[in-house]
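Notes for the one structure printed next.
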Amino acid sequence: MPSLQITTALMGIGLAVLILYLIRRDHLYLMHGLFWVVVAVAAAVLGAWPGLIDRLARWTGFSYPPALLLLLACMVLVVKALHADMVNTRIERDVRRLNQRLALLEADLESVRQFGSSDSFNP
C-alpha cells in the first residue's frame, strides 16, 4: 500500500477516534458526532482503497473520478448545513415559546403580588 493511502486511511481513522473522544467527553452531541464518524470512516475507506472511487465513478457514468468525490463531499456538506438549520430553527422556536411562557408567569406573579398587597391593607 503506497504511503499516500496509508496516510489518508490513518487520517480518517484519527478523525473518527477524535470524534468519539469528543462525544465521550460530552463536547459533541451524539447524533452530530455519529454523522461525522460516518464521514471519517468513509474517508478512511476511500483512502485505503482509492480504486473504489474509480469503480463508483465508472458505475455512475463519471469520466473523471475526482468529480464524483467532490460532488459527494458537497452533498454531505449541504445535508449537514440543512440539518444544522433545522436544529437551529427548532431551538429558536423553543426559546421563543419559553420566553412567552416566562412573560405570562411574570404577569401572573405581578397580579398576585398586587392583589395580595391590596388585601392586606383592607380591614
Side-chain angles (χ1 to χ4, degrees):
M1 184 184 289
S3 64
L4 179 62
Q5 289 173 300
I6 293 171
T7 303
T8 310
L10 288 177
M11 287 176 64
I13 292 169
L15 182 61
V17 168
L18 175 66
I19 291 167
L20 290 174
Y21 175 79
L22 291 173
I23 291 170
R24 184 173 167 87
R25 295 290 179 183
D26 206 23
H27 294 293
L28 188 60
Y29 182 60
L30 178 66
M31 295 309 292
H32 297 151
L34 291 178
F35 172 82
W36 289 114
V37 166
V38 169
V39 169
V41 168
V45 167
L46 290 175
W49 293 285
L52 184 60
I53 195 70
D54 294 334
R55 281 188 230 129
L56 285 172
R58 269 182 278 155
W59 183 67
T60 56
F62 280 80
S63 61
Y64 186 60
L68 174 63
L69 191 59
L70 183 62
L71 176 66
L72 291 175
C74 288
M75 288 175 55
V76 165
L77 292 176
V78 166
V79 167
K80 184 62 180 165
L82 179 63
H83 180 262
D85 284 346
M86 289 169 47
V87 169
N88 213 10
T89 300
R90 189 186 78 233
I91 289 171
E92 288 177 5
R93 183 189 63 228
D94 291 346
V95 167
R96 188 178 331 108
R97 287 180 183 168
L98 286 172
N99 281 333
Q100 290 170 349
R101 288 180 184 170
L102 180 63
L104 290 173
L105 287 172
E106 286 177 346
D108 288 345
L109 181 62
E110 186 63 31
S111 66
V112 166
R113 284 183 183 162
Q114 284 178 352
F115 289 123
S117 63
S118 65
D119 288 341
S120 62
F121 290 119
N122 290 334

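For the single chain, residues carry numbers from 1 onward in sequence order. Scope of the values below: all heavy atoms of this structure, side chains included, with no hydrogens, waters or symmetry mates.
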Report whether [X] and [Y] are members of the same hydrophobic cluster (ILVMFWY, side-chain heavy atoms less than 4.5 Å apart, transitive linking).
{"X": "Leu18", "Y": "Leu28", "result": "yes"}
{"X": "Leu46", "Y": "Val17", "result": "no"}
{"X": "Trp36", "Y": "Val45", "result": "yes"}

To the nearest 0.5 Å, what is the distance between [atom1] ([X]) and [atom2] ([Y])?
{"X": "Met31", "Y": "Ile23", "atom1": "CE", "atom2": "CD1", "result": "10.0 Å"}
{"X": "Arg113", "Y": "Asp108", "atom1": "CZ", "atom2": "CG", "result": "12.0 Å"}
{"X": "Asp54", "Y": "Trp49", "atom1": "CG", "atom2": "CH2", "result": "15.0 Å"}

Side chain to side chain, [X] and [Y], heavy atoms closer than 4.5 Å:
{"X": "Val41", "Y": "Val37", "answer": "yes"}
{"X": "Leu72", "Y": "Val76", "answer": "no"}
{"X": "Gln100", "Y": "Leu104", "answer": "no"}
{"X": "Phe62", "Y": "Leu56", "answer": "no"}
{"X": "Leu34", "Y": "Leu30", "answer": "yes"}

Got more than 12 heavy atoms from elsewhere within 6.0 Å of CZ, Arg93?
->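 It does: Arg93 CZ has more than 12 such atoms within range.
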So which of Leu82, Thr89, Asn88 actually passes side chain to side chain contact (heavy atoms under 4.5 Å, CB included) with Met86?
->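 Running side chain to side chain contact (heavy atoms under 4.5 Å, CB included) over Leu82, Thr89, Asn88 with Met86 returns exactly one hit, Leu82.
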